[in-house]
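Only one structure is covered here, and it is reproduced in the block below.
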Amino acid sequence: ETGVTQTPRHLVMGMTNKKSLKCEQHLGHNAMYWYKQSAKKPLELMFVYSLEERVENNSVPSRFSPECPNSSHLFLHLHTLQPEDSALYLCASSLHGGDAEAFFGQGTRLTVV
Amino acid sequence: GENVEQHPSTLSVQEGDSAVIKCTYSDSASNYFPWYKQELGKRPQLIIDIRSNVGEKKDQRIAVTLNKTAKHFSLHITETQPEDSAVYFCAASIYGGSQGNLIFGKGTKLSVKP
(Lines give C-alpha, C1' and ligand atoms only; values in the text may rest on other atoms or scores of the structure.)
Protein backbone atom coordinates (compact mmCIF):
# COMPACT_ATOMS: atom_id res chain seq x y z
CA GLU A 1 0.00 0.00 0.00
CA THR A 2 1.26 3.47 -0.88
CA GLY A 3 -0.98 5.39 1.54
CA VAL A 4 -3.18 6.76 -1.24
CA THR A 5 -6.69 5.29 -1.25
CA GLN A 6 -9.24 5.64 -4.02
CA THR A 7 -12.92 4.78 -3.95
CA PRO A 8 -14.76 3.24 -5.59
CA ARG A 9 -12.45 0.73 -7.31
CA HIS A 10 -14.96 0.13 -10.09
CA LEU A 11 -17.79 2.32 -11.37
CA VAL A 12 -20.33 1.84 -14.14
CA MET A 13 -22.43 4.86 -14.96
CA GLY A 14 -24.86 6.01 -17.61
CA MET A 15 -24.25 9.09 -19.68
CA THR A 16 -26.87 11.07 -17.75
CA ASN A 17 -25.64 10.10 -14.29
CA LYS A 18 -23.66 12.17 -11.80
CA LYS A 19 -21.04 10.44 -9.72
CA SER A 20 -17.91 11.31 -7.78
CA LEU A 21 -14.52 9.68 -7.38
CA LYS A 22 -12.73 10.05 -4.07
CA CYS A 23 -9.05 10.07 -3.21
CA GLU A 24 -7.58 10.21 0.27
CA GLN A 25 -4.01 10.39 1.55
CA HIS A 26 -2.61 10.70 5.04
CA LEU A 27 1.05 10.98 4.07
CA GLY A 28 1.34 14.68 4.85
CA HIS A 29 1.61 15.49 1.15
CA ASN A 30 0.48 18.87 -0.11
CA ALA A 31 0.16 18.17 -3.84
CA MET A 32 -2.48 15.89 -5.36
CA TYR A 33 -3.13 14.87 -8.95
CA TRP A 34 -5.74 13.25 -11.15
CA TYR A 35 -4.49 11.20 -14.10
CA LYS A 36 -6.50 9.40 -16.77
CA GLN A 37 -5.05 6.13 -18.03
CA SER A 38 -6.34 4.66 -21.29
CA ALA A 39 -4.92 2.70 -24.19
CA LYS A 40 -4.56 5.90 -26.27
CA LYS A 41 -2.90 8.08 -23.61
CA PRO A 42 -1.40 5.92 -20.92
CA LEU A 43 -0.86 8.57 -18.21
CA GLU A 44 -2.60 11.81 -19.05
CA LEU A 45 -2.45 14.58 -16.46
CA MET A 46 -5.88 16.07 -15.78
CA PHE A 47 -5.61 18.23 -12.67
CA VAL A 48 -2.99 19.28 -10.16
CA TYR A 49 -3.65 20.77 -6.74
CA SER A 50 -0.78 22.23 -4.77
CA LEU A 51 -1.52 23.53 -1.26
CA GLU A 52 -5.21 23.05 -2.11
CA GLU A 53 -5.02 25.44 -5.06
CA ARG A 54 -5.52 24.22 -8.58
CA VAL A 55 -2.41 24.93 -10.62
CA GLU A 56 -3.00 22.88 -13.77
CA ASN A 57 -6.08 21.61 -15.59
CA ASN A 58 -4.73 20.82 -19.06
CA SER A 59 -7.93 21.81 -20.86
CA VAL A 60 -10.00 18.96 -19.46
CA PRO A 61 -13.69 19.00 -20.53
CA SER A 62 -16.01 20.68 -18.05
CA ARG A 63 -17.89 17.41 -17.50
CA PHE A 64 -14.98 16.63 -15.15
CA SER A 65 -14.95 18.86 -12.09
CA PRO A 66 -12.26 18.50 -9.39
CA GLU A 67 -12.58 19.50 -5.78
CA CYS A 68 -9.90 19.65 -3.11
CA PRO A 69 -11.47 20.58 0.24
CA ASN A 70 -8.25 19.99 2.18
CA SER A 71 -4.75 18.65 1.62
CA SER A 72 -5.81 15.06 2.39
CA HIS A 73 -8.80 14.71 0.10
CA LEU A 74 -9.39 15.07 -3.60
CA PHE A 75 -12.59 14.47 -5.53
CA LEU A 76 -13.43 14.20 -9.20
CA HIS A 77 -17.07 14.98 -9.92
CA LEU A 78 -18.43 13.44 -13.09
CA HIS A 79 -21.55 14.40 -15.05
CA THR A 80 -22.91 13.74 -18.54
CA LEU A 81 -19.88 11.67 -19.49
CA GLN A 82 -19.29 10.06 -22.87
CA PRO A 83 -18.35 6.43 -23.60
CA GLU A 84 -14.84 7.61 -24.58
CA ASP A 85 -14.36 8.77 -20.98
CA SER A 86 -14.20 5.12 -19.93
CA ALA A 87 -10.72 4.62 -18.48
CA LEU A 88 -8.74 4.04 -15.31
CA TYR A 89 -8.61 7.22 -13.22
CA LEU A 90 -5.55 7.41 -11.01
CA CYS A 91 -5.03 9.74 -8.11
CA ALA A 92 -1.53 10.57 -6.89
CA SER A 93 0.04 12.72 -4.21
CA SER A 94 3.51 14.07 -3.52
CA LEU A 95 5.25 16.00 -0.78
CA HIS A 96 5.30 19.13 -2.89
CA GLY A 97 4.44 19.81 -6.49
CA GLY A 98 6.81 18.74 -9.19
CA ASP A 99 9.96 17.41 -7.63
CA ALA A 100 9.10 14.62 -5.28
CA GLU A 101 8.01 11.03 -5.71
CA ALA A 102 4.37 10.75 -6.66
CA PHE A 103 2.51 7.98 -4.84
CA PHE A 104 -0.39 6.55 -6.82
CA GLY A 105 -3.65 5.10 -5.65
CA GLN A 106 -5.03 1.83 -7.06
CA GLY A 107 -7.28 3.72 -9.43
CA THR A 108 -10.99 3.70 -10.25
CA ARG A 109 -11.96 1.70 -13.33
CA LEU A 110 -14.75 3.77 -14.90
CA THR A 111 -17.09 2.44 -17.56
CA VAL A 112 -19.58 4.81 -19.19
CA VAL A 113 -22.51 3.08 -20.85
CA GLY B 1 3.73 23.23 -21.85
CA GLU B 2 6.00 20.26 -21.43
CA ASN B 3 5.88 17.38 -23.90
CA VAL B 4 7.62 14.07 -23.24
CA GLU B 5 8.32 11.55 -26.00
CA GLN B 6 9.26 7.97 -25.12
CA HIS B 7 10.72 5.20 -27.27
CA PRO B 8 10.30 2.38 -27.99
CA SER B 9 6.66 1.65 -27.20
CA THR B 10 7.43 -2.06 -26.87
CA LEU B 11 10.70 -3.84 -26.11
CA SER B 12 11.38 -7.54 -25.94
CA VAL B 13 14.69 -8.91 -24.59
CA GLN B 14 16.11 -12.22 -23.48
CA GLU B 15 16.72 -12.76 -19.80
CA GLY B 16 20.18 -11.51 -18.90
CA ASP B 17 20.33 -8.96 -21.71
CA SER B 18 20.24 -5.20 -21.19
CA ALA B 19 17.28 -2.96 -21.95
CA VAL B 20 17.40 0.75 -22.79
CA ILE B 21 14.44 3.11 -22.92
CA LYS B 22 14.84 6.68 -24.16
CA CYS B 23 12.88 9.86 -23.53
CA THR B 24 13.08 13.41 -24.80
CA TYR B 25 11.48 16.48 -23.29
CA SER B 26 10.64 19.89 -24.71
CA ASP B 27 10.74 22.36 -21.81
CA SER B 28 14.32 23.35 -21.01
CA ALA B 29 13.13 24.49 -17.56
CA SER B 30 12.34 20.89 -16.56
CA ASN B 31 14.77 19.70 -13.95
CA TYR B 32 13.33 16.56 -12.38
CA PHE B 33 13.10 13.25 -14.28
CA PRO B 34 11.58 10.22 -12.56
CA TRP B 35 10.95 6.75 -13.95
CA TYR B 36 7.95 4.68 -12.93
CA LYS B 37 7.27 0.97 -13.33
CA GLN B 38 3.71 -0.32 -13.67
CA GLU B 39 3.16 -4.06 -13.42
CA LEU B 40 0.00 -5.52 -14.88
CA GLY B 41 -3.04 -4.55 -12.84
CA LYS B 42 -1.00 -2.50 -10.39
CA ARG B 43 -0.33 1.18 -9.80
CA PRO B 44 2.76 2.98 -11.16
CA GLN B 45 5.65 3.05 -8.68
CA LEU B 46 8.84 5.10 -8.71
CA ILE B 47 11.98 3.09 -9.44
CA ILE B 48 14.59 5.81 -9.91
CA ASP B 49 14.80 9.55 -10.48
CA ILE B 50 17.41 12.10 -11.46
CA ARG B 51 17.71 15.84 -11.10
CA SER B 52 19.30 18.18 -13.60
CA ASN B 53 22.41 18.81 -11.55
CA VAL B 54 23.40 15.16 -12.02
CA GLY B 55 24.35 13.41 -15.28
CA GLU B 56 23.96 9.82 -14.17
CA LYS B 57 22.52 7.84 -11.29
CA LYS B 58 22.69 4.14 -10.57
CA ASP B 59 20.80 1.81 -8.27
CA GLN B 60 21.88 -1.83 -8.55
CA ARG B 61 20.79 -3.03 -12.03
CA ILE B 62 19.06 0.23 -12.93
CA ALA B 63 20.73 3.41 -14.14
CA VAL B 64 19.47 6.66 -15.58
CA THR B 65 21.46 9.13 -17.69
CA LEU B 66 20.56 12.73 -18.48
CA ASN B 67 21.78 14.97 -21.30
CA LYS B 68 20.45 18.45 -20.59
CA THR B 69 21.87 19.97 -23.75
CA ALA B 70 20.07 17.48 -25.96
CA LYS B 71 17.07 17.31 -23.61
CA HIS B 72 16.98 13.57 -23.39
CA PHE B 73 17.30 10.99 -20.67
CA SER B 74 17.47 7.21 -20.68
CA LEU B 75 16.77 4.23 -18.43
CA HIS B 76 19.19 1.33 -18.53
CA ILE B 77 18.38 -2.05 -17.03
CA THR B 78 21.19 -4.60 -16.96
CA GLU B 79 20.95 -8.37 -16.44
CA THR B 80 17.21 -8.30 -17.03
CA GLN B 81 14.99 -10.77 -15.22
CA PRO B 82 11.42 -11.93 -15.96
CA GLU B 83 10.16 -9.84 -13.03
CA ASP B 84 11.38 -6.74 -14.86
CA SER B 85 8.53 -7.27 -17.33
CA ALA B 86 6.20 -4.27 -16.96
CA VAL B 87 5.32 -0.93 -18.51
CA TYR B 88 7.90 1.77 -17.79
CA PHE B 89 7.04 5.46 -17.86
CA CYS B 90 9.43 8.37 -17.95
CA ALA B 91 8.34 11.80 -16.74
CA ALA B 92 9.59 15.36 -16.61
CA SER B 93 8.75 18.12 -14.20
CA ILE B 94 9.89 21.44 -12.87
CA TYR B 95 10.74 21.53 -9.20
CA GLY B 96 10.62 24.51 -6.91
CA GLY B 97 7.79 26.83 -6.06
CA SER B 98 4.23 25.66 -6.47
CA GLN B 99 4.61 24.08 -9.89
CA GLY B 100 3.30 20.54 -10.04
CA ASN B 101 3.19 19.41 -13.64
CA LEU B 102 4.59 15.87 -13.69
CA ILE B 103 4.17 14.98 -17.38
CA PHE B 104 4.60 11.36 -18.45
CA GLY B 105 5.71 9.72 -21.67
CA LYS B 106 3.44 7.15 -23.32
CA GLY B 107 5.19 4.19 -21.74
CA THR B 108 7.31 1.27 -22.89
CA LYS B 109 6.07 -2.27 -22.48
CA LEU B 110 9.11 -4.36 -21.60
CA SER B 111 8.92 -8.13 -21.97
CA VAL B 112 11.78 -10.24 -20.62
CA LYS B 113 11.78 -13.76 -22.03
CA PRO B 114 13.22 -16.53 -19.86
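Here is how names work: the chains are called A, B, and so on, in the same order as the sequence lines, proteins then strands, and each is numbered from 1.
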- Linked, directly or transitively: A:L78 and A:M15 (ILVMFWY side chains, under 4.5 Å): yes
- Item | Separation between CD of B:Q38 and CD of A:Q37, rounded to the nearest 0.5 Å | 4.0 Å
- Query: Does the B:Y36 side chain pair with the main chain of A:A102, one donor and one acceptor, at a distance under 3.5 Å?
  - Reply: yes
- Query: More than 12 foreign heavy atoms under 6.0 Å from CD of B:E79: is that the case here?
  - Reply: no
- Query: In terms of hydrophobic clustering (I, L, V, M, F, W, Y; side-chain heavy atoms under 4.5 Å; direct or indirect links), are A:M46 and A:M13 co-clustered?
  - Reply: yes
- So, for A:G105 and B:R43, which heavy atoms are closest and what is the spacing to 0.1 Å? O-CB, 3.3 Å
- Query: With hydrophobic residues grouped by side-chain heavy-atom distances under 4.5 Å, do B:V20 and B:I47 end up in a single group?
  - Reply: no
- Message: Starting from A:L88, can I reach A:L110 by hopping between I/L/V/M/F/W/Y residues whose side chains sit under 4.5 Å apart?
- Response: no
- Task: Please round to the nearest 0.5 Å and tell me the distance separating atom OH of A:Y35 and atom CD1 of B:I103.
- Result: 6.0 Å
- Task: Please tell me if the side chains of B:F89 and A:P42 come closer than 4.5 Å, counting only heavy atoms from C-beta onward.
- Result: yes
- More than 12 heavy atoms of other residues, nucleotides or ligands under 6.0 Å from CD of A:E84: is that the case? yes
- Task: Answer with yes or no whether the hydrophobic clustering places B:I50 together with B:W35; edges join I, L, V, M, F, W, Y residues whose side-chain heavy atoms lie under 4.5 Å apart.
- Result: yes
- Task: State the CD1-CD distance between B:I48 and A:E101, to the nearest 0.5 angstrom.
- Result: 12.0 Å
- So do B:L102 and A:L45 actually touch side chain to side chain, heavy atoms under 4.5 Å? no
- What distance do B:K106 atom NZ and A:L43 atom CG have between them, rounded to the nearest 0.5 Å? 12.0 Å
- Heavy-atom pair count under 4.5 Å with chain A, highest-scoring of B:P44, B:G105, B:G107: B:P44
